[in-house]
Amino acid sequence: MGKALTNQAMALFKSQVFLFLSEIPRGECIAYGELAKKAGFPSHARQVGSLMKNLPKDTKLPWHRVVNAQQRISFAENTDAYLRQKTRLEQEGWVIVGTKLVLNENS
DNA sequence: CTTACGGCCCTGG
DNA sequence: ACCAGGGCCGTAA
């Protein structure tokens with residue numbers, strides 16, 4: 001049972017997640033869990049998801065480059081959120097089948 | 001205080 | 001490749 005994160009730890013977690021996210025280049029992507037690890041909190045994948053969900057709509061952060069550990073978009077296929085993310089990833093060269101990121105044509 | 005709920009993840013079938 | 005089950009942990013109700 002891990003102890004609860006202090007407010008300060010959470011603040012650090014957030015800033016680290018946003019920092020590493022901002023460094024993901026166009027054409028690449030990263031898993032929620034990977035981002036959590038890099039930020040120093042390996043068991044907080046879901047919290048990364050929450051952070052993404054709560055980003056302001058006009059954010060400049062590349063939230064769409066965050067996918068799940070199976071390289072899939074974590075939204076149901078018939079949703080708006082899914083379409084938004086898929087469209088943005090396709091603009092960066094990804095070929096996507098269903099929710100699966102198959103390959104990137106540019107890389 | 002306790003439930004419920006996620007933009008999750010991992011391990012088997 | 002697909003799915004279920006268990007674990008995870010902050011946040012809102």
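Residue numbering restarts at 1 for every chain, and letters A, B, ... go by the order of the sequence lines.
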S.K.: Using OP1 and OP2 only, check whether a side-chain N or O of A:S43 sits under 4.0 Å from C:dC8.
M.R.: no

S.K.: Between C:dG7 and B:dG6, how far apart are the two C1' atoms, rounded to whole Å?
M.R.: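 Here C:dG7 and B:dG6 have their C1' atoms 14 Å from each other.
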
S.K.: Could you check how far CG of A:N68 sits from C1' of C:dC2, rounded to whole Å?
M.R.: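 It works out to 14 Å between those atoms.
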
S.K.: Across the strands shown, which category fits A:A69 at heavy-atom distances under 4.0 angstrom: base, sugar-phosphate, nothing?
M.R.: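 It contacts sugar-phosphate atoms only.
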
S.K.: Rounding to an integer number of angstrom, what distance separates C:dG6 and B:dG7 when you compare their P atoms?
M.R.: 22 Å

S.K.: I need the CZ-P distance between A:F41 and B:dC9, as an integer number of Å.
M.R.: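 A:F41 atom CZ is separated from B:dC9 atom P by 17 Å.
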
S.K.: Does A:S50 reach a base, just sugar-phosphate, or nothing at all? Heavy atoms under 4.0 Å.
M.R.: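 It contacts nothing in the nucleic acid.
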
S.K.: What nucleotide, of B:dG7, C:dT11, B:dG6, holds the atom closest to the side chain of A:M10?
M.R.: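 For the A:M10 side chain, the nearest candidate turns out to be C:dT11.
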
S.K.: Separation of A:L83 atom CG from B:dG7 atom P, in whole Å?
M.R.: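 Rounding to the nearest Å, CG of A:L83 and P of B:dG7 are 17 Å apart.
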
S.K.: With a non-hydrogen cut-off below 4.0 angstrom, is A:V66 in contact with a base, only sugar-phosphate, or nothing?
M.R.: base

S.K.: Does any N or O in the side chain of A:S15 come within less than 3.5 Å of the main-chain N or O of A:A11, such that one atom is a donor and the other an acceptor?
M.R.: yes

S.K.: Should we say atom CG of A:N7 is surrounded by more than 12 heavy atoms from elsewhere, each under 6.0 Å from it?
M.R.: no

S.K.: Specify the separation, in whole Å, of atom CG of A:N54 and atom P of B:dC8.
M.R.: 13 Å

S.K.: Let me know which of A:I73, A:D80, A:I96, A:T99 forms a side-chain contact (heavy atoms from CB on, under 4.5 Å) with A:Q85.
M.R.: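 Only one of A:I73, A:D80, A:I96, A:T99 forms a side-chain contact (heavy atoms from CB on, under 4.5 Å) with A:Q85, namely A:I73.
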
S.K.: Under 4.0 Å, heavy atoms only, any strand: does A:A31 hit a base, just the sugar-phosphate, or nothing?
M.R.: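 Sugar-phosphate: the residue A:A31, judged by heavy atoms under 4.0 Å, touches backbone atoms but no base.
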
S.K.: Closer than 4.0 angstrom, basic N to acidic O: yes or no for A:E77 and A:K86?
M.R.: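 No, A:E77 and A:K86 are not salt-bridged.
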
S.K.: Would you say A:R72 places a side-chain N or O within less than 4.0 Å of OP1 or OP2 belonging to C:dA1?
M.R.: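 It does not, given that no N or O in the side chain of A:R72 lies less than 4.0 Å from OP1 or OP2 of C:dA1.
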
S.K.: Would you kindly give the CD-to-C1' distance between A:E34 and B:dC8, to the nearest whole Å?
M.R.: 12 Å

S.K.: With heavy atoms under 4.0 Å as the rule, sort A:L51 into base, sugar-phosphate or nothing.
M.R.: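 If one applies the 4.0 Å heavy-atom cut-off, A:L51 turns out to touch nothing in the nucleic acid.
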
S.K.: May I have the distance from A:K100 (atom NZ) to B:dG7 (atom C1'), rounded to whole angstrom?
M.R.: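 So the two atoms are 17 Å apart, to the nearest Å.
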
S.K.: What's the closest nucleotide to the side chain of A:R46 if the choices are B:dG7, B:dC8, C:dG10?
M.R.: B:dC8

S.K.: Between P on C:dC3 and CD on A:Q70, what's the gap in Å once rounded to a whole number?
M.R.: 12 Å

S.K.: State whether the side chain of A:Y82 and the backbone N or O of A:G98 hold a donor-acceptor pair below 3.5 Å, judged by distance alone.
M.R.: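 Judged by distance alone, yes, a pair lies under 3.5 Å.
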
S.K.: Evaluate whether atom NZ of A:K100 has more than 12 neighbouring non-hydrogen atoms of other residues, nucleotides or ligands under 6.0 angstrom away.
M.R.: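 Counting other residues, nucleotides and ligands, NZ of A:K100 exceeds 12 neighbours.
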
S.K.: Answer yes or no: is there a donor N or O on one side and an acceptor on the other, between the side chain of A:R72 and the main chain of A:L101, under 3.5 Å?
M.R.: no

S.K.: Just by modelled atom types, is the A:E92 backbone N or O under 3.5 Å from a matching donor or acceptor in the A:N104 side chain?
M.R.: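 Such a contact is found between A:N104 side chain and A:E92 backbone.
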
S.K.: Mind checking which stems touch DNA chain C? I mean at least 3 consecutive Watson-Crick or G-U pairs, both distances under 3.5 Å.
M.R.: B:2-6 with C:9-13, B:8-13 with C:2-7

S.K.: Over how many whole Å does the gap from A:F13 atom CZ to C:dG10 atom C1' extend?
M.R.: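 Result: 9 Å.
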
